[in-house]
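All figures in this text were calculated on a predicted structure; none of them were measured in a lab.
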Amino acid sequence: MEAPAEWEPHDAVWLAWPEGEELWEGHLEAVRREWVALCRAIRDIDTAGGAERLCIVTRDAESEAMASDALGPLDARFHHIPYGDIWLRDTAPVLCRDGGVALGAVCFDFNGWGGKYLFDGDRELSRRLAAANGFRVHEPGLILEGGALEVDGQGTVLTTEDCVLDAARNRGAARETIEERLGRALGTSTTLWLRGRLARDHTDGHIDTLARFVAPGRVLCMRASDSTDPNKEVLDEIRRQLASMHDAQGRPLEVLEIPSPGRVDDDAGLPLPASYLNYYIANGRVVVPVYDSAYDAAAVDAISDCFSESGTAGAAEGPRPVMGLPARHLVTGGGAFHCITQQQPAVRELPGAGGGEGQQGREEHP
């Protein structure tokens, strides 16, 4: 198995239709608008390789009809698979190249982010999605979420001690054992461990809110934008740790910084785990979450600089434009664009990827 870097070409992206008024506490309709805007941004791309297909998981025909109506003319393939919430980065399998010619699914065990939020269907979603599409399943035997892992496509995986070594997930598992299992599952040889998490982050420190690769050897993190930022000390420490690390090729990491959103509060006045690093790298475009913060524009510009340099996003893929889209309501649920997407890497031969480019359709998966 090999987990390619996110900037490498995708055949499709998986998302789940937002459901549950009780989950979103009055934000559901706004969340759906932000979700649709992301889908449009992913599909509305003129690239030589083509925009990736939308593979949409819905609970039933009624939900499919709502999602289809919201998406309008956008091409999508619908799959009926039971699920609880929309965080497919964590509940869907991590899709990898299997010998370069087919797709494999790395299926971690899921326990609701250490037992905090376990909804019906989420524990089983990874294996159901893999089985429905004919992906060969690899089970590392770890309780983990995809948002805890960031790969560079050249043998390095970034993760955090706070999440992966959490006693509520992998109690008693040795660090060396986890590294060996991740290496076999993802095709990596070097695991880089960070310490720290954003305030009120129920994921216990997912890496996709703290540090992201923009190219092999180059990693992006945030700096506190002002004195009200509840994460200033954590962000300073993350940068310090990254600056001391070397990747699987022996290169010292080049650490780049962007502004943080500052303090972004929920309806009760408590800080949300808002992060500009929770962007999604689509074919030909990077979509960055913004939060009605004074620092939105500066952050989008800084990320644009990171992806505009020749070779930054992978030598074969080249530079790509960056756009910011509202995610102020999504983050009330704990995450943003990277958290609700799971890319399907391009391979030379697919075992059944849910329909061809541009097809409309539906699959039933009990």
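Between the side chain of Arg212 and the backbone N or O of Leu220 there is no donor-acceptor pair closer than 3.5 Å. Under the 3.5 Å distance criterion, the side-chain polar atoms of Ser308 are matched with a main-chain donor or acceptor of Asp305. For the pair Arg197 (side chain) and Thr203 (backbone), a donor-acceptor distance under 3.5 Å is absent. Looking at Asp122, its side chain never comes within 3.5 Å of a backbone N or O of Phe110 through a donor-acceptor pair. Between the side chain of Asp98 and the backbone N or O of Leu103 there is no donor-acceptor pair closer than 3.5 Å. Using a distance-only test at 3.5 Å, with no hydrogens or angles considered, a donor-acceptor pair links the side chain of Thr341 to the main chain of Phe337. A donor-acceptor pair is defined here as one N or O able to donate and one able to accept, closer than 3.5 Å; no such pair exists between the side chain of Thr91 and the backbone of Leu125. Remark: side-chain polar atoms of His10 are paired, donor with acceptor, to backbone N or O of Glu6 under 3.5 angstrom.
Ion pair Asp236/Lys232 flagged as a salt bridge, since at least one NZ, NE, NH1 or NH2 atom sits closer than 4.0 Å to an Asp/Glu carboxylate oxygen.
Paired with Arg169 under the rule side-chain hydrogen bond (donor to acceptor under 3.5 Å, both in side chains), one option of Asp204, Asp109, Asn111 passes, and it is Asp204. Checking His79, Glu52, Gln344 one by one against Trp14, the side-chain hydrogen bond (donor to acceptor under 3.5 Å, both in side chains) holds for a single residue, Gln344.
Between the side chains of Ser63 and Glu19, at least one donor-acceptor pair of N or O atoms lies under 3.5 Å. Looking at Asp162 and Thr160, their side chains never bring a donor and an acceptor atom within 3.5 Å of each other. With no hydrogens or angles considered, no side-chain donor-acceptor pair links His206 and Asn278 at under 3.5 Å. For the residue pair Trp193 / Glu179, a side-chain donor-acceptor distance below 3.5 Å is found, with atom types taken as modelled. Between the side chains of Ser304 and Asp301, not a single donor N or O lies within less than 3.5 Å of an accepting N or O.
Counting non-hydrogen atoms of neighbouring residues, nucleotides and ligands closer than 6.0 angstrom, the CD atom of Glu233 reaches no more than 12 such neighbours. In the displayed structure, Asp120 atom CG is contacted under 6.0 Å by at most 12 heavy atoms of other residues, nucleotides or ligands.
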After noting the C-alpha distance and the side-chain angles of Ser225 and Asp229, does the key distance pass the side-chain hydrogen bond (donor to acceptor under 3.5 Å, both in side chains) rule? CA-CA 7 Å; Ser225 292; Asp229 194 317; 5.3 Å; no
Salt bridge (Lys or Arg N to Asp or Glu O under 4.0 Å) evaluation trace for Arg200 with Asp266: CA-CA 11 Å; Arg200 298 186 69 235; Asp266 64 13; 3.3 Å; yes
Apply ring pair (Phe, Tyr, Trp, His ring centres under 6.0 Å) to residues Trp24 and His329 and explain how you reach the verdict. CA-CA 9 Å; Trp24 292 102; His329 298 281; 9.6 Å; no
Dump the intermediate steps for salt bridge (Lys or Arg N to Asp or Glu O under 4.0 Å) on Glu180 and Arg184, then the final yes or no. CA-CA 6 Å; Glu180 188 272 333; Arg184 283 192 288 112; 2.4 Å; yes
Would His338 and Tyr279 count as a ring pair (Phe, Tyr, Trp, His ring centres under 6.0 Å) here? Give the steps. CA-CA 5 Å; His338 198 249; Tyr279 53 74; 7.4 Å; no
Evaluate salt bridge (Lys or Arg N to Asp or Glu O under 4.0 Å) for Glu34 paired with Arg328, printing each intermediate quantity in order. CA-CA 9 Å; Glu34 293 173 351; Arg328 179 64 180 77; over 6 Å; no
Test Gln241 against Arg195 for side-chain contact (heavy atoms from CB on, under 4.5 Å), laying out the working first. CA-CA 8 Å; Gln241 293 174 57; Arg195 297 178 303 279; 3.9 Å; yes
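Legend: residues meeting ring pair (Phe, Tyr, Trp, His ring centres under 6.0 Å) with Tyr295, ordered by chain and number and at least two apart, are absent.
A cation-pi arrangement, defined by a distance under 6.0 Å to the six-membered ring centre and an angle within 45 degrees of its axis, is absent between Arg59 and Trp17.
Gly121 approaches Arg128 most closely through the heavy-atom pair CA-NH1, 4.4 Å.
Taking CD of Glu150 as the reference point, atom CG of Leu192 lies at 11.0 Å (rounded to 0.5 Å). Atoms CG and CG, on Leu149 and Asp90 in that order, are 9.5 Å from each other to the nearest 0.5 Å. The CZ atom of Arg77 lies 8.5 Å from the SG atom of Cys55; values are rounded to the nearest 0.5 Å. Here the straight-line distance linking atom CD of Glu145 with atom CG of Leu142 works out to 11.0 Å at 0.5 Å rounding. Here His246 contributes atom NE2 and Gln249 contributes atom CD; the two are 13.0 Å apart, rounded to the nearest 0.5 Å.
The closest side-chain heavy-atom distance from Arg89 to Ile340 is not below 4.5 Å.
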